[in-house]
Amino acid sequence: MAIQVYNTLTRKKEPFVPRDPGHVSIYVCGITPYDQSHLGHAVPSIIWDAIRRFLEFKGYKVRLVQNFTDIDDKIIARAQATGEDVFEISQRYAQEYLDAMDALGVKRADLYPRVSQEIPAITAMVQELIKKGHAYVVDGDVYFDVTSFPEYGKLSGQQLEELEAGVRLSVDERKRHPMDFALWKAAKPGEPAWDSPWGKGRPGWHIECSAMSLKYLGNGFDFHGGGVDLVFPHHENEIAQSESYTGEPPFARCWLHNGLLQVKDEKMSKSLGNFTPLAGLLDKYPAGVIRLYVLSSHYRSPLQYSEEKLEEARRGWERLMDTVANLKYLLSSWEKAGSPGADRPSLEEIESPAVRQLAEEVESSRSKFIAAMEDDFNTAGATAALFELARSINAFQGQTANLTDRERQQCLPVLREAAAVFQQLGGGILGLIEDKSSPSGAEQLTEALLELLVEVRQRARDKKDWATADYIRSELGKLGVKLEDSPLGTRWKL
RNA sequence: GGCGGCAUAGCCAAGUGGUAAGGCGGAGGUCUGCAAAACCUCUAUUCCCCAGUUCGAAUCUGGGUGCCGCCUCCA
């Protein structure tokens, strides 16, 4: 089944056909680092991370580029207010953003170009646009002439005439058309500026993404993404200037826009002052919880933010993590017991109905998951499939006690496969399940000590010394370690 | 005023013509020294409202209503 994607440009779902077979090129509009990153910024990052991981899972070689707008009015304003250097500010907040993405388990983009480092590409593009008659110079400013691009409005469905009627701000009299936008802004005193054929100045907002995406991904790259709030004017303008520049549409093949994070029915944004900084949130919630919260709805839907929603996500996430722990426990105890690690038998070869059912359910959850992701990256449907798989695995575990030796023999490879699939879907693609493959020395010691305490407590329990057993459990509880007794033995979790 | 989107249980949320996934919460049960976890059963005769198309609509069409985003910096 081919991947289907909803394209903002055509307003319908269409089959995804990459520009270059086997390769996917993606440009995601990044942030303007002038203040703390908030949860709203994490939304597209998490979504694109899942999309990217899924495409890689499907065998594509993915190239993902995300920019930093490290020079703009807001950063300059901030610098003037604090007396700090413009680039120190943008550098610091860009780093904070990257740290937060790392903490969220978002794989790094292949490239994070910064406007300030791309001035030559930008001025070259502006020059070409002037040469082709798509832009004009006024007092050191350069404007794009929207009437020179007949298709202006094709992304957002806007008509130039209507836009003109709806202009809310006083229009700069020097512009030929009210919707003309700045490609280059003449420098004001005290602002960072670069030399250009039109005098000292700096790039306008929209031109950077065109220049950088064309430079690093080439014309006609596969996906251009960002929040829906960027459709107009930002992405509309990108299309206008890029396609005017190259003369070879499309600039980007498919436009994906994610819904916005809302707080009390208003979007979360820095300007509204209702944002939840990522840094603090990551102290309170594991990355997997935040990711599950974001990925359990479709990327195009708006997402309501509240602590309760995150708490709900936490409980669901804990169930997934418990399933991982269950699997690990079961596998290691069986492996210790010396069950031979045979090849995975075919479905027909499996005698035990319980084992066969598990094998079937693993396969069906896996295909449901993949089908959901192929259908416009429906992570909500995919997480549903993951939860179904968790239930299958946990339910199977409850039946393991009455399996015969021979059934266990067949079961081990099936169970290993279940674990691998669960890890691949929930961990590898959605990034919900952390894979602690190499615990640190301190962690290993902690584990060993906990195992010891659990063993001591078990001896007390064997003697029906409930007082000692309960004492150990409750004291560990105070330290944040939860003990759970099961027919398979006692498990602990932090 | 223009453009775009959304409306599914107590809450969150999939589902684009064939008879309502999944999560959280709630009720009951199994297991268990207790606790917890896990599992099982139940929890929307119905998808904002009205009309229409159809053998059949949450899904398509028309008309309402409500909410959100954009038209100014924004992920």
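In what follows, chains are A, B, ... by sequence order, proteins preceding strands, each numbered from 1.
We find that NE2 of A:His38 is positioned 7 Å from C1' of B:A75, with the value rounded to whole Å. Computed from coordinates, the A:Glu318 CD to B:G25 C1' distance equals 15 Å when rounded to whole Å. The nearest whole Å value for the distance from the CD atom in A:Gln304 to the C1' atom in B:G10 is 17 Å. A:Leu292 has its CG atom 11 Å from the C1' atom of B:G22, to the nearest Å. Between the CZ atom of A:Phe223 and the P atom of B:A75 there is a distance of 22 Å, given to the nearest Å. If you measure from atom CD1 of A:Ile31 to atom P of B:C73, you get 18 Å, rounded to the nearest angstrom. We find that NZ of A:Lys482 is positioned 19 Å from P of B:C34, with the value rounded to whole Å. Following rounding to the nearest Å, A:Lys463 (NZ) and B:G33 (C1') show an atom-to-atom distance of 16 Å.
Comparing the same atom, P, in B:A21 and in B:C47 gives a spacing of 15 Å after rounding to whole Å.
Proximity of a side-chain donor or acceptor of A:Arg291 to a complementary backbone N or O of A:Leu104 within less than 3.5 Å is detected.
Pairing for B:C47 is absent, with no Watson-Crick or G-U wobble pair whose two atom distances lie under 3.5 Å. Figure legend. B:A7 is base-paired to B:U65; pairs are counted as Watson-Crick or G-U wobble with both atom distances under 3.5 Å. When both pairing distances are held under 3.5 Å, B:U53 makes no Watson-Crick or G-U pair with any nucleotide shown. When both pairing distances are held under 3.5 Å, B:C39 makes a Watson-Crick or G-U pair with B:G29. In this entry B:G1 has B:C71 as its Watson-Crick or G-U wobble partner, both defining distances falling under 3.5 Å.
For A:Arg491 and A:Asn326, the side-chain atoms include at least one donor-acceptor pair closer than 3.5 Å. At a cut-off of 3.5 Å, with distance as the only test, no side-chain donor of A:Tyr293 or A:Glu311 sits close to an acceptor on the other residue. The closest side-chain donor-acceptor pair between A:Glu208 and A:Thr69 falls under 3.5 angstrom. A donor and an acceptor atom, one from each side chain of A:Asp110 and A:Tyr216, are nowhere located under 3.5 Å apart. A:Asp465 and A:Thr468 form a side-chain donor-acceptor contact under 3.5 Å, judged by distance and modelled atom types alone. A donor atom on one side chain and an acceptor atom on the other are found under 3.5 Å apart for A:Arg461 and A:Gln458.
Scanning atom types as modelled, one donor and one acceptor separated by under 3.5 angstrom connect the side chain of A:Glu312 and the base of B:G23. Put simply, the side chain of A:Arg300 and the base of B:G5 share no donor and acceptor less than 3.5 Å apart. A donor N or O paired with an acceptor N or O is found under 3.5 Å between the base of B:C73 and the side-chain atoms of A:Lys74. Side chain A:Arg473 to base B:C34: a donor-acceptor pair is found below 3.5 Å. With hydrogens and angles ignored, no donor-acceptor pair closer than 3.5 Å exists between the side chain of A:Asp72 and the base of B:C73.
In this model, the phosphate group of B:A75 is not approached by any side-chain N or O of A:Asn258 to a distance below 4.0 Å at OP1 or OP2. The phosphate of B:C70 (OP1 or OP2) has a side-chain N or O of A:Lys267 nearer than 4.0 angstrom. For the pair A:Arg315 and B:G25, the criterion of a side-chain N or O lying under 4.0 Å from OP1 or OP2 is met. At least one side-chain nitrogen or oxygen of A:Arg319 sits closer than 4.0 Å to the OP1 or OP2 atom of B:C24. Distances shorter than 4.0 Å separate some side-chain N or O of A:Asn378 from OP1 or OP2 on B:G15. OP1 or OP2 of B:A14 sits under 4.0 Å from a side-chain N or O of A:Ser301.
Here the side chain of A:Gln262 is nearest to one of B:G69, B:C39, B:C12, namely B:G69. With distances taken from any side-chain atom of A:Leu230 to the nucleotides B:G23, B:G2, B:A75, the minimum falls on B:A75. Side chain of A:Glu484, nearest nucleotide from B:A75, B:A36, B:C34: B:A36. Here the nucleotide nearest the side chain of A:Val228, chosen from B:G33, B:G69, B:A38, is B:G69.
Looking at heavy-atom distances under 4.0 Å, A:Leu483 makes contact with a base. When heavy atoms are screened at a 4.0 angstrom cut-off, A:Gly225 is found touching no nucleic acid atom at all. As judged by a 4.0 angstrom heavy-atom cut-off over every strand, A:Arg491 is placed among residues making no nucleic acid contact.
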